[in-house]
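Taking it in order: structure first as structure tokens, then the write-up.
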2 protein chains.
Amino acid sequence: MNIERRSTGSRRASAALVSRAERLCHDQNLRFTPMRRRVLAELAASPEPLTAYDLADRVREEKRVAPVTVYRALEFLLDAKLIHRIVIRNAYTACDHAPHHDATPVFLVCTRCGTVEEVPSEAFQRDLSETIAEAGFRPKSRVFEIEGECAKCHAAP
Amino acid sequence: MNIERRSTGSRRASAALVSRAERLCHDQNLRFTPMRRRVLAELAASPEPLTAYDLADRVREEKRVAPVTVYRALEFLLDAKLIHRIVIRNAYTACDHAPHHDATPVFLVCTRCGTVEEVPSEAFQRDLSETIAEAGFRPKSRVFEIEGECAKCHAAP
DNA sequence: AGATAAAATGATATAACATAACAGTCAACG
DNA sequence: CGTTGACTGTTATGTTATATCATTTTATCT
């Protein structure tokens, strides 16, 4: 299966991602409005994560929009698990993998080119859950993000 | 007496933490100035992470201070590995363990009481590094944070 | 001690990220 | 066709972080 394997440089099939989202929303009786579609399309088309204000600027080229409107669209897309928030960048990125993955993926964020690679990592989390269980801690959400140089950037001059 | 509340039971001795920091800075020829000492002391005394503006407010009770001054102290303390940044809270917390730990710890952040437990997790990272190496990615820094309810809060009504 | 260079802090302004509150609009459904 | 609830618009403000330049403090050398 060679679905949109995004990584450094490679373009994402934005249209495919958006129509997948459309089907998913339809199936779950969620409203995939023009604004939500537009925001997701911008994220899917971008090789790197975008901030809410980045998104507002891009949408604004077509239609006047306030940041809060973008934030609302982002909130919806996050809830629908169609996008991820990259906390170390205060930015957002379209979800590369099929939705409904329970395990929070690891994100490899390149400090040079800014791209993000999404690495599913179930085993990784299984190991950790022992430690967490020992502490009696009940996890609700996780943030695992790694900064560094991606292979492409490291090879480059 | 002057043991500060830190609700996971592992209370921190603020004074001990500060004097440890003092020794460490002296050994490394770093300047442990009054402002840096004060900021670290506030963090060490707090059961939960504090934002830069929280810190500014607390320091301000004694002496007028601008946020940027606090940010500079935080930057120094982060570089010296005396504190951690909790990105999912935009806040900072004193480092519980001996300094010089290379492996980034996992932080268990309680959504109810707000406390943070710092869990060193070397094994955890060893597993992950294979995946990362396969991607040709050269990690520089990592963020592993987990939100949930701590044991105390979960037991409480 | 005085000169001086580097580091730290003060002061002000502004950038960047995010939410509150309320009014208006649109779509679904009885 | 009118009510309801979800979505969006608008304005304002809150929160987190950095830029810039002036001033003070500290370390070091002579």
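Reminder, nothing fancy here: chain letters follow the sequence lines and each chain counts from 1.
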| request: May I have the distance from B:L30 (atom CG) to C:dA6 (atom C1'), rounded to whole angstrom? | output: 15 Å

| Ion pair check, A:E149 and A:R112, cut-off under 4.0 Å | yes

| Taking CZ from B:R60 and C1' from C:dT9, how many angstroms apart are they, rounded to a whole number? | 15 Å

| OP1 or OP2 of C:dC17 less than 4.0 angstrom from a side-chain nitrogen or oxygen of B:N90, does that happen here? | no

| C:dA27 P sits how many Å from A:R31 CZ, rounded? | 9 Å

| query | Between B:Y71 (OH) and C:dA11 (P), how many Å, whole number? | reply | 19 Å

| request: Starting at atom CD of B:E75, determine the distance to atom P of C:dA8, rounded to an integer number of angstrom. | output: 10 Å

| field | C:dT9 OP1/OP2 closer than 4.0 Å to side-chain N/O of B:T69 | value | no

| Taking the side chain from B:R36 and the backbone from B:A73, do they hold a donor-acceptor pair closer than 3.5 Å? | no

| request: May I have the distance from A:R36 (atom CZ) to C:dC26 (atom P), rounded to whole angstrom? | output: 16 Å

| query | So, B:S19 side chain and B:A16 main chain: donor-acceptor pair closer than 3.5 Å or not? | reply | yes

| message | Once you apply a heavy-atom cut-off of 4.0 Å, does A:R72 come out as touching a base, just sugar-phosphate, or nothing? | response | base

| With sugar-phosphate meaning primed atoms plus P, OP1 and OP2, does B:F32 contact a base, only sugar-phosphate, or nothing at under 4.0 Å between heavy atoms? | nothing

| Integer-rounded Å distance: C:dA16 C1' and A:R85 CZ | 13 Å

| Strictly under 6.0 Å, is that where the ring centroids of A:F107 and A:H84 end up? | yes

| field | 5'-most by nearest nucleotide on DNA chain C - B:R64 or A:A91 | value | B:R64

| request: Salt-bridge test for B:E145 and B:R89: reply yes if a basic N is under 4.0 Å from a carboxylate O, no otherwise. | output: no

| Hey, does A:A66 reach any base, or is it just sugar-phosphate, or nothing, if we go heavy atoms under 4.0 Å? | base

| Is a donor-acceptor contact shorter than 3.5 angstrom present between the side chain of A:Y53 and the base of C:dA18? | yes

| Earliest and latest nucleotide of DNA chain D, 5' to 3', sitting under 4.0 Å from a non-hydrogen atom of chain B? | D:dT16 to D:dT26

| message | Rounded to whole Å, please give me the gap between NE2 in A:H26 and P in C:dA28. | response | 11 Å

| remark: Sorted by position of nearest nucleotide on DNA chain D, 5' first, the leading residue of B:D54 and A:T33 is A:T33

| query | Given that B:P67 and B:F76 both sit by DNA chain C, which one's nearest nucleotide is further toward the 5' end? | reply | B:F76

| Test item: side-chain donor near acceptor, B:E147 and A:S141, under 3.5 Å | yes

| Rounded to the nearest 0.5 Å, what separation is found between the CZ atom of B:F32 and the CG atom of B:L24? | 9.5 Å

